[in-house]
Amino acid sequence: MSRVKGGLMAQKRRRNILEQVKGYRFGRSKKKRQAIEAIHHAQTYAFAHRKDKKADFRALWITRINAALKAQGLKYSTFMKTMKDKGIAVDRKILATLAKDRPEAFQRIVDQVK
């Protein structure tokens with residue numbers, strides 16, 4: 001059987017892999033084997049950190065709401081419980097945005113809860 005060399009397709013495969021690792025440091029951006037390994041690790045971490053990002057943002061929103069409520073003399077936990085009891089359905093993301101960017105609107109919600 002005759003020998004088949006990689007040629008053009010091998011170059012294209014290598015080029016596509018190295019495009020994905022553009023900006024990486026050292027051999028990970030230049031060597032195909034190290035680049036493939038770097039891609040696999042990056043995809044694994046990207047999956048895990050997409051999940052972590054949701055928890056990180058929730059914690060940030062809670063911190064912002066709590067900071068704005070302390071100025072009003074309220075606690076975060078009692079505020080959220082009272083909001084739920086009164087049937088005010090505003091999520092944490094919206095509350096944090098209001099507390100940060102529109103304090104007068106946030107103050108109206110706090111007044112309703114008090």
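- Other residues, nucleotides and ligands contribute more than 12 heavy atoms inside 6.0 Å of the NZ atom of Lys32.
- Here the side chains of Arg15 and Glu19 are in contact, with some heavy-atom distance below 4.5 Å.
- Taking the six-membered ring for Trp and thresholds of 30 and 60 degrees, Trp61 and Phe57 have ring planes inclined between 30 and 60 degrees apart.
- Nearest heavy atom pair, residue Arg64 against residue Ala96, reads CB-CB, 4.2 Å.
- No donor-acceptor distance shorter than 3.5 angstrom exists from the side chain of Ser29 to the backbone of Arg25, with no hydrogens or angles considered.
- Remark: Lys51 is positioned above the aromatic ring of Phe47, its terminal NZ or CZ atom under 6.0 angstrom from the ring centre and at most 45 degrees off the axis.
- Contact of the Gln72 side chain with the Gln107 side chain is registered, since non-hydrogen atoms from C-beta on lie closer than 4.5 Å.
- Two different hydrophobic clusters hold Tyr45 and Tyr24 under the rule that ILVMFWY side chains link at heavy-atom gaps under 4.5 Å.
- Closest of all the heavy-atom pairs between Met83 and Val113 is CG-CG2, 3.4 Å.
- Side-chain contact check for Phe106 versus Val90: every heavy-atom pair is 4.5 Å or farther apart.
- Taking all atoms of both residues into account, the shortest heavy-atom contact from Arg58 to Arg92 is NH2-CZ, 3.4 Å.
- Considering all non-hydrogen atoms of both residues, Leu18 and Ala35 come closest at CD2-CB, 3.9 Å.
- Residues Asp52 and His49 form a side-chain contact, since some pair of their non-hydrogen atoms from C-beta on lies under 4.5 Å apart.
- In this structure the side chain of Met80 never reaches within 4.5 angstrom of the side chain of Ile62, judged on heavy atoms.
- A single hydrophobic cluster is seen to contain both Ile94 and Val110, as judged by linkage of ILVMFWY side chains at heavy-atom distances under 4.5 Å, directly or through other members.
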